[in-house]
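Here is how names work: the chains are called A, B, and so on, in the same order as the sequence lines, proteins then strands, and each is numbered from 1.
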2 protein chains.
Amino acid sequence: MATGESLRRDAVRNRGRILAAARLLFAERGLHVTMDEIAREAGVGVGTVYRRFPNRDALIATLFEERLQEYVANAEEAAAHPDPGEALETLLERTIEMQAVDRGLHELLVGDAEAHERLARTRNDLRPVIEDLLRRAHRSGALRPDVAITDLPVLGLMLREVVDFSHDVAPQLWRRYLAILLDGIRSTGRPLPQPALAQDQLEAAMSCHKPRRP
Amino acid sequence: MATGESLRRDAVRNRGRILAAARLLFAERGLHVTMDEIAREAGVGVGTVYRRFPNRDALIATLFEERLQEYVANAEEAAAHPDPGEALETLLERTIEMQAVDRGLHELLVGDAEAHERLARTRNDLRPVIEDLLRRAHRSGALRPDVAITDLPVLGLMLREVVDFSHDVAPQLWRRYLAILLDGIRSTGRPLPQPALAQDQLEAAMSCHKPRRP
DNA sequence: CAGGAAGCGGAGGGCGGTCATCCACTTTCG
DNA sequence: CGAAAGTGGATGACCGCCCTCCGCTTCCTG
């Protein structure tokens, strides 16, 4: 094991199985799954998991570095659509879809305080793109004027709760409420009664928000 | 202690303190608070709590019987408003407000499988009233035609998630998203993409939905 | 093909957290 | 005043989880 390169063939295979199992379980059930469950799903012993990854967090980190890149790329692509109304729609749709499919990703995005630092970086990449999108949407009238950028994470949160709730019974149900929300943020009823969160309020709320664990 | 009537004066006082403490803590932090925390808040020992209430569940049951009555009465009153649009609005507003103020009540309403039976009764009282309200609202055009009765609990769920999220930072924020949702269910955009849950789907989802515990 | 290094499994130690009990002590009240 | 009721909180029992440890297996190199 000179530079950490030369793993025996079985070790490589097992590492792959562990990652696959973890990916699956985190996606289906959330970040709270135990090391023993991951090991069992992978068809290896816990010891094996711990030889490859010093602890839970290391495993999670390895796994989600890639996932986050993908998430951001996806959002940026959606936001780039020339028509701001549609851009906003697909942005929300894609964003929620990824979180709907991957429970672990969602838990990472809202609420994990440790991961917060790592996320801040990627979030900052994303922000200017979305700010620009919102400006365009406001100008074009595709969005009521009092909707702010900090509303988007909250809308995501609400929809994700629907995903969580109806998961086993009607996994696509969130699209129904996405449609309602979209109509809601396009309509021009009375002005909204409460101000949107300021950026730092949003961050404060996120950093102490705990995900569910069954 | 012949018929359970004659408690010593200090016992009565302590029972009151325990109930008050439990009410407070359940409301602020949810049903997951421990017996020790309740005892400490009440200024008594755990033993005292266990003498009055054989276990956690008994304490919860005692406490929330009254709360549920209140909840149902409140909803019925709101639904009775002659103008269906306003009835719907205040129904949601009051309902969420009660849940926003009392975390334990919310956890009881969505997700507690054991309490489910007890709740079924009260829910059944409520349903015809709300069904009637929806019919009136549909006829009057105050509500898009494809909104169904099972949408209401889901809207409640979404808003409660906002409450949970912004609780410490902007406790009234949920009203902002209530306004968005109300505009969304009044608007007549494209028809909604997914069907509403059927009654039994809703119940299935509720009975396996687990509340958060920090 | 042989021997040593690398890898493996999974029992179990340690930990932290909760419910509920138990009993020596205190308070009430007839 | 004294028996009965009530009290507190240390304690036992339990649980689920993280991670370690070590005797056994598998790989791979010479």
Would you call A:R160 and A:D164 a salt bridge, using N to O less than 4.0 angstrom? yes
In this structure, CD1 of B:I149 is separated from CG of B:D132 (nearest 0.5 Å) by 10.0 Å
To the nearest Å, how far apart are B:I18 CD1 and D:dG6 C1'? 11 Å
Exactly one of A:E77, A:E86, A:E89 should register a salt bridge (charged side-chain N to carboxylate O under 4.0 Å, His left out) with A:R94. Which one does? A:E77
Rounded distance (Å) that lies between atom C1' of C:dT18 and atom CZ of B:R40: 13 Å
Applying ring-ring contact (aromatic ring centres under 6.0 Å, His included), name anything that partners A:F26, two or more places apart in sequence or on another chain. none
As an exercise, state the distance from OG1 of B:T62 to CZ of B:R15, rounded to the nearest 0.5 Å. 6.5 Å
Could you check how far CD of B:E41 sits from P of D:dG9, rounded to whole Å? 15 Å
Can you check the A:F53 CZ to D:dC18 P distance for me, whole Å? 15 Å
Phosphate OP1/OP2 of C:dC8 contacted by A:N14 side-chain N/O (<4.0 Å): yes
Contact string for nucleotides 20-30 of chain C, one letter per nucleotide 5' to 3', B = base within protein heavy-atom range under 4.0 Å, S = sugar-phosphate only, - = neither, reads BBB----BSS-
Which pairs, with at least one residue in residues 165-184 of chain B and sequence neighbours excluded, count as a salt bridge (Lys or Arg N to Asp or Glu O under 4.0 Å)? A:R144-B:D183, A:D151-B:R176, B:E93-B:R175, B:E97-B:R175, B:D183-B:R186
OP1 or OP2 of C:dG7 under 4.0 Å from side-chain N/O of A:R52: yes
